[in-house]
Each structure stands twice: as C-alpha cells, then as structure tokens.
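Counting convention: from 1, in listed order, for ligands and their atoms alike.
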Amino acid sequence: MTMINKPLNLKKGVQTAAAQKLLRNKGPMFGAAFEFAAIGMAIISIDGCWMEVNHCLCSITGYSRQELLNSKVQTIIFPEDREKQLACMEQLVAGEISSSQIEHRIKLKLGCVIWVECGMSIIKDEGGKPLYYVWQFRDISHGSDMERKLAESEQRYKSLIKHNPAGIITCDLHGFIKNINPAMERILGFMEVEMIGHPLYRFSAKKQKDEEAAHSLIFLESDNYTLSMKHKNGEIIELGLKNVPIIVNDMMEGVYLIARDITQHNKDRESLRVAQQDLHDTVRRQQGMTMKFRQMRGKFIHTLCDGELLYRLGYKPSHIIGNGLYEIWPFYMAANMEKYYRRAWKGEENVIYEATFRGITYLTSLRPILEQGKVIEVIGSCVDITERKHMETELRETKELLESFINNTTDAICVLDIRARVISVNAAYEHVFGWKQDELKDRKLPIYPDFLEEQRKELYDKLKAGKQISGLDTVRKRKDGELVHVSVTKTPIKNEKGDIIGFAGITRDITERKRTEELLRKSDKLSVAGQLAAGLAHEIRNPLTSLRGFLQLLQSDMKGKQHYFDIMLSELDRINFIVSEFLVIAKPEAIHYKKSSLQAILHTVMALLETQAVLCDAELLLEFESDIPTIVCSEMHLKQLFINLVKNAIEAIPKDGRILITVTMHGPDQVRIRTQDNGCGIPIERVKQLGEPFYTTKEKGTGLGLMMCFKIVEAHKGTMNIQSKMGEGTTIDVFLPMQYHSFPEIEPSMT
Ligand code: ADP
Ligand code: MG
C-alpha cells in the first residue's frame, strides 16, 4: 500500500511494476481475467499514465503493451475530447462521482479516429486517498449499422445547422430559444449562451402590447415574413424569416427560424426606390420630354413618356403610355411620326424630326437601344423649340427685309472686306456704276477717278481708325468712264469684339439732285432777271408811248422832215418790239404753242444768219435725218433759241469755222437738235455757269442769250446739254418732246 501512497512521485517504471504487483496479488485467476477480458481494460495512474493494459485494449488501439506503458493516456485521446476526459477524471478524484461513462474519440496507431465508450472508476485506500483509475474501453465505432447511421445523421444535422450561412434559431413551442447557430450569432452579435433560455421576443426591436402572444403567432407563419430584431449594439436588424417546424414522432416540438439579414437588402431596395423616384421626378421635371417606345404586334407602343413639355402639349403620361401613335396624335401627325419611328426601330441612329402641336413646336431625337445587335426599344428626347423657331422666323424675316431693302433701295450699297475687296454690292450699285457684282467680287472698287486717289487713301485711313464718313459730296467714275455726282457714307463693320472686319458703303447718286440744285439756282437768277426785265420793259414802254405820241404830233406840225420822223418812229417801234419780246420771255404764259415744222423753223434761222456766217468766215450746215415729224412748239421762240445758239457758235469761231446743225430722232418721242462748232470751246469749270444771266465773256455780250435758250427749252419741257472742249469746239444738244401732254405752268413769280 505504501508503494502507491505517493503515486505521483513514482517513476514510470515503478508505477508499472506496482500495477503488475497489484494484479499478481489478486491471484492468477484475477490476472487472467484482466488479460483476457473482451473489453479493453487499463489501470491508469492518478497523473494519467498507463500502468497496465490488457490484450484487448492493445488490439483496439493498435499499440503494443510496451508502447503504451508509462506513456500519457491523453496522447491517444482525440484532442477535442481531452478536456471532457480530464473533467471526468477530476470529478472522480474529487469524489463528486464514483464512476463515469463517456463517449469519446481516440486516435489509433494507424492514424484513424474511432469512437469508444469509456467507463472509468477510481480505486481509493481506506483513508479515501485515490490510488488509480480503472478504465474500460469499448469500441463503439463498430456498433450496429443503425446506431452508426443515427450518429452520422446527427452529425450531419448538427453540421448543417453549424455551418449554415443562414442564421438559425431553434425555439420551443413557447417561443423560448433553445439554441442559435454561429451565423445567427454573427447577425445579432449575441453569443449563444446569452440567448439560450430567453424568449425570442426579448430580442425583438418592436415593443408590442402583447409581445408574447404576438410572437407565438409567429410560429403559425408558414410563408416568408420579416421581423425587426435588435443587434447587441442597438442597431435594428431586419430579418427575413422562414419558419420550419420541428416534428418528432408526429409531434411538433418547436420551430426552426431560418433568418436572413435583409437590412442591407432593404436598404438597397430603399435606395433603389429613392433612385427610381428621383429618376422619375427628374424625367417629369425636365423642361423637355423623354419617351420610349417599342414595337408590339406591328404597332409602336409607348412605354414611357414624361416631362414638362408633355403637360404643355396638354397630355399626361397616362395618355401616352401603353398607346400607339394613332391613339394619341391627329392622323396626319401620327402618320408622319410613324415614318421616323420606323427608321429608328430599324436601328438608324440620330433620327430627328420636328412636330408642331397646339402652337408648340418641338424637336425629337430618336435613338435605338440595342441588345445583342437587335433593337429592343427606342428612346426619344424632345425639346421645345417654339421660341427658337419664332426667333428663326423673325431673324429670317428681318434678313429678308434687310435684303429686300438693300436690293430695292436706289442707294448703291457695297460691302468690302478688311482689305477693301468687294464682298457684295446691291442692284442699285450695279445700276449706278455699271459694274456687275461678279465683275467686282474680290476686287478693289474701280470707281475712284485718278484725281481722287488722295481722297481714297484718306477715306480708308479714317475707316481703319474706326471712324465713319457720312454724306461726303464727291464724284465717282462709272464703268463707262463718266463721272457721277455722289454722296458717300462709309462705315467700318465690327465684330462682337469690336475688331474691324470690313467696310460698308452707301453711295447715293446725286447727279439729279445736283442738276435740280443747279436748275434751282439758275431759275432763281432767271426769275430775278425776268422780274427785272419785266419791270424794265414796262418802264421803257411807258415813256416810249408818250415819245411816240409826241413824235406823231410833231410830225403833223413839222412838214418836210418826214423822212427823219419815219426813221425815228420805226426805231421806236423796233425798241418797242424788242422790249415786248423781252416781256414775252419773262412771261412764259404769253407763249402760244402749235404744231410746227422744225424743218421750216431751222431753214428760216439758216437764212437769217447765213450772211453773218459768211462775214465771219464760217460754214453753216444743216442736216436732217429723214422723217422728222412736226412738233408742238412756239415757232417764234424756237427761232429765237436757234438764232441764239448759232450766233454764239459764229461768235466763238476765230476763222475757218464750221457749224453743223443735225436733227435726229432720239427715242420714239424726242427729237434732238445738235449745234456743233469748232470754235474756241468753253473751259469745263465754266460750263456750269452757262445759262446764268449776265454771264458773258464777250466785250459787247449781254450774257442773256443762253439764259433765254434754257428758258425756252424748259418751257417746251425739253432739255439742253452742253459739251465743250477747249480749243476744239462746242456741242449743244437740245432735246425736245414731240408732243405735249400738258402745257407748262405759269411761273407765279413772273407777273
Ligand atoms: P453773250 O453771247 O451775250 O455773251 P450768251 O448767253 O449767249 O451771252 O453766252 C454766254 C457765254 O457763253 C458767252 O459769252 C460765251 O463765252 C459762251 N458761249 C456760248 N456759246 C458758245 C459757243 N458756241 N462757243 C464758245 N463759247 C460760247
Ligand atoms: Mg450770245
């Protein structure tokens, strides 16, 4: 007994020897029973070493006796079961239990693991001091098939629960938690031990009046349902649950609650919903309109349509969605749209069309949505272009107006680029200057006379400096070389940045104005001269009357000097005639018009002046174009006119002169009488002055001859044109109309 008093202090060899001694002491029978027992038997020291093993144990474990003796028991026990084993051993030592029976796994020498049933008891001395353990092993892995299958299915079921990714809570019928799996621990943050034995409702997020009742109702749920539970950290967890009843022997024992954390799922769903709503609102609130359609049974059916434009058109999405074109729009519109829909449905990109409805014009752009190369839907975006259209129309109208203005104005307009090359000219420009736009394009304007080169440079310098030239009175050259009086306005054209990009010019042909101005000036002077002449004539005639009267009186008294009286009377009559003639000129109402032959008039004039011409060494020639019809005129005045002209011509010829009068038709209703001489000519700057009263270059001249000529021609509604070249001669054209439509007005000033 003393040997094993302090078993923990014994060496291994000593322990084994002690055990053998122990068995021997019981007699050979006892030893044989131990050795040949049908179950594995062992004597284990209190510190857990093999002290003696029997044959059966060796054959179960695969180890030889030698290999086992004095080694630790724990080495062959499956690691996970060691604790369990130790706990039992401690309980035995402490006297809490007298024997125990547990199942655990052992690792065989071959490496595999088997289940054994291990019975353990403890042997103590009289003093109650533990001496050693007696173990019996029974290999239960080779139990009956049934048992094994059961054990396996138990394992499978446990594994299913343990490794299930879904959280599983096992509840009894009263709603008390029996266990939860690791997945559920992860979901709720509680350990299994914290939940076991508690009613399920304690972990619910919602407090209800009759929670227990509410929760027991849960067990009746057979469909999927959701439950809000509280995480250990206070967060609310949404669980999607499915109840599976636990039925054992046809009796329901409880419920498995199989849970899925749908918090994220719900959150996702909510954000999806918000995103969808947001998208929907965006589509609705957009200024324009977005729509989608697809072809179903040969018809284009709208699947989406919204946006403010839709409401402005007087529709709502419900009017459009689910409907085809012909159910929405008037026939003509639907038919038109269908063409474009069809094109887009065929896969054509960028199909664009315009439509106008209820005064609103909008532009739609269609885009097919493809899936695996096939159009599955077409999306259309529409924008309201009413305003733009209005503006476009206005702009076009303004442009047309401007163009029509430019092309119909009588002012010549030209637009030049920065290098002063022509971009365009208007119709009036072509008319005034005789150049066609095509001839001028990209050219410098050829209308500046050489002597105005200086002016041209100055002008462009000013323009380039950003200044404007307005109403400049000057002359320009026509294509045929003739000068035209013009009033020029030129402006630089600037872009938005204010840079000069070209020039615009408006040129007004003021030849006519100049002429009228000239006429006005002349007629002003004429009327003054006329009035003067009229007054003078009166003043002269009155004394002439008395002179004549007294002369006649004297004539009867003074006989014998008859001859002188006759001369005096005839001279007085001549003065009277001249003065009366003067009056006639000053008072055109005295002119009597009648049909006369121009031929006859001119022949008289020739006859009258022939002598004078011969005296002046000049040849006088008269040429008629055949068939000059009679004209309505005052014969006497025309004679006066031509006498004055021919006389001036004779007077202008120093010697060897030649005066040619030609009469030709000018157009269908005018006749031209041209007096051409090869006299001294008139300086160009003087030509303007011709016709002004008292303008003369002759010592004994009156300067009234041409004035009368102008007056007479004017009274006949004709025109007179003087051309002259110094040293070469002068040509004066008188144009007279053949017929009068109305006789000239009486000039009011000429009374
Ligand atoms: P007058 O003959 O009395 O000088 P006119 O009115 O007839 O007055 O003529 C005015 C001026 O016009 C003349 O003095 C002359 O200088 C010029 N003149 C008119 N006709 C001719 C002509 N054929 N050739 C040159 N000078 C002319
Ligand atoms: Mg004269």
Side-chain angles (χ1 to χ4, degrees), residues 518-519 521-533 536-537 575 577-579 581-586 588 601-602 604-606 608-623 636-663 672-716 718-735:
E518 200 68 10
L519 269 175
R521 217 157 46 79
K522 269 182 201 166
S523 72
D524 260 4
K525 283 186 181 170
L526 278 178
S527 65
V528 172
Q531 273 168 337
L532 208 78
L536 213 72
I575 294 172
F577 172 76
I578 290 172
V579 172
E581 274 307 87
F582 214 14
L583 252 178
V584 167
I585 307 285
I601 293 169
L602 284 169
T604 322
V605 172
M606 295 295 279
L608 266 171
L609 294 174
E610 218 142 65
T611 346
Q612 202 180 341
V614 173
L615 278 176
C616 292
D617 207 5
E619 195 185 357
L620 202 54
L621 294 165
L622 178 63
E623 270 177 20
M636 190 186 67
H637 286 96
L638 284 196
K639 272 184 206 160
Q640 180 80 57
L641 165 70
F642 295 120
I643 288 170
N644 281 350
L645 294 180
V646 175
K647 264 177 90 177
N648 278 348
I650 294 171
E651 282 160 9
I653 290 165
K655 62 175 188 14
D656 284 340
R658 192 183 126 95
I659 301 159
L660 175 64
I661 300 171
T662 42
V663 184
R672 188 192 74 187
I673 305 101
R674 169 172 285 181
T675 316
Q676 222 172 342
D677 67 55
N678 57 348
C680 60
I682 312 158
I684 185 139
E685 64 275 12
R686 291 280 170 213
V687 172
K688 269 203 300 211
Q689 262 172 294
L690 298 178
E692 282 178 18
F694 314 121
Y695 170 74
T696 177
T697 53
K698 295 165 198 164
E699 211 179 318
K700 285 185 181 161
T702 59
L704 288 172
L706 277 179
M707 181 199 89
M708 274 184 208
C709 294
F710 273 111
K711 199 84 193 165
I712 292 162
V713 171
E714 195 188 340
H716 281 79
T719 49
M720 193 157 88
N721 183 25
I722 303 171
Q723 279 172 293
S724 187
K725 218 165 192 187
M726 283 297 286
E728 283 185 23
T730 307
T731 303
I732 301 182
D733 285 334
V734 174
F735 297 96

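Protein heavy atom at the shortest distance from atom 11 (C) of ligand 1 is Tyr695 O, 3.9 Å. Closest protein heavy atom to atom 2 (O) of ligand 1: Lys698 NZ, 2.7 Å. With hydrogens left out, the protein atom closest to atom 3 (O) of ligand 1 is Thr702 N, 2.8 Å, a heavy atom. Looking from atom 12 (O) of ligand 1 to the surrounding protein, the closest heavy atom is Leu690 CD2, 3.4 Å. Summary of contacts: the protein heavy atom closest to atom 25 (C) of ligand 1 is Ala652 CB, 3.3 Å. Ranking the protein heavy atoms by distance from atom 26 (N) of ligand 1 puts Ile682 CG1, 3.6 Å first.
In this structure, Lys655 does not pair ionically with Asp617, as no charged nitrogen and carboxylate oxygen lie closer than 4.0 Å.
Here is the list of ligand 1 atoms found below 4.0 Å of a heavy atom in Glu651: 2 (O). If you number the atoms of ligand 1 from 1 as listed, the ones under 4.0 Å from a heavy atom of Gly705 come out as 5 (P), 6 (O), 7 (O). Atoms of ligand 1 found under 4.0 Å from any heavy atom of Ala649 (numbered from 1 in listed order, with element): 23 (N).
Remark: ligand 1 and Gly681 share no N or O pair separated by less than 3.5 Å (distance only, no angle test).
Heavy atoms of Gly679 stay at 4.0 angstrom or farther from ligand 1. Not a single heavy atom of Met708 lies less than 4.0 angstrom from ligand 1.
Listed here is the closest heavy atom pair of His637 and Ile712: O-CD1, 3.4 Å.
Looking only at distances, a side-chain donor or acceptor of Asn678 sits under 3.5 Å from a matching main-chain atom of Arg658. At distances below 3.5 Å, not a single donor-acceptor pair connects side-chain atoms of Asn721 with backbone N or O atoms of Asp733.
With rounding to the nearest 0.5 angstrom, the OG atom of Ser724 is 8.0 Å from the CD1 atom of Ile732. In this structure, the separation between SG on Cys709 and NZ on Lys647 is 10.5 Å, given to the nearest 0.5 Å. Once rounded to the nearest 0.5 Å, the distance linking CD1 of Ile650 with CG of Leu645 reads 11.0 Å. Taken from CD1 in Ile722 to CG in Leu690, the straight-line distance is 4.5 Å, to the nearest 0.5 Å. Here Ile659 contributes atom CD1 and Met606 contributes atom CE; the two are 8.5 Å apart, rounded to the nearest 0.5 Å.
Under 4.0 angstrom from ligand 1, the non-hydrogen atoms of Thr697 come from both its backbone and its side chain. At a heavy-atom distance under 4.0 Å, no atom of Arg686 approaches ligand 1.
Remark: among candidates Thr696, Leu706, Asp677, the nearest residue to atom 5 (P) of ligand 1 is Leu706, based on non-hydrogen atoms. Between atom 21 (C) of ligand 1 and the options Thr675, Asn648, Ile650, Ile732, the minimum heavy-atom separation is to Asn648.
Side chain to side chain, Asn648 and Lys698 meet the donor-acceptor criterion of an N or O pair below 3.5 Å.
The nearest N, O or S atom of Asn644 is not closer to the Mg ion (ligand 2) than 2.8 Å.
In the displayed structure, Ile684 atom CD1 is contacted under 6.0 Å by at most 12 heavy atoms of other residues, nucleotides or ligands.
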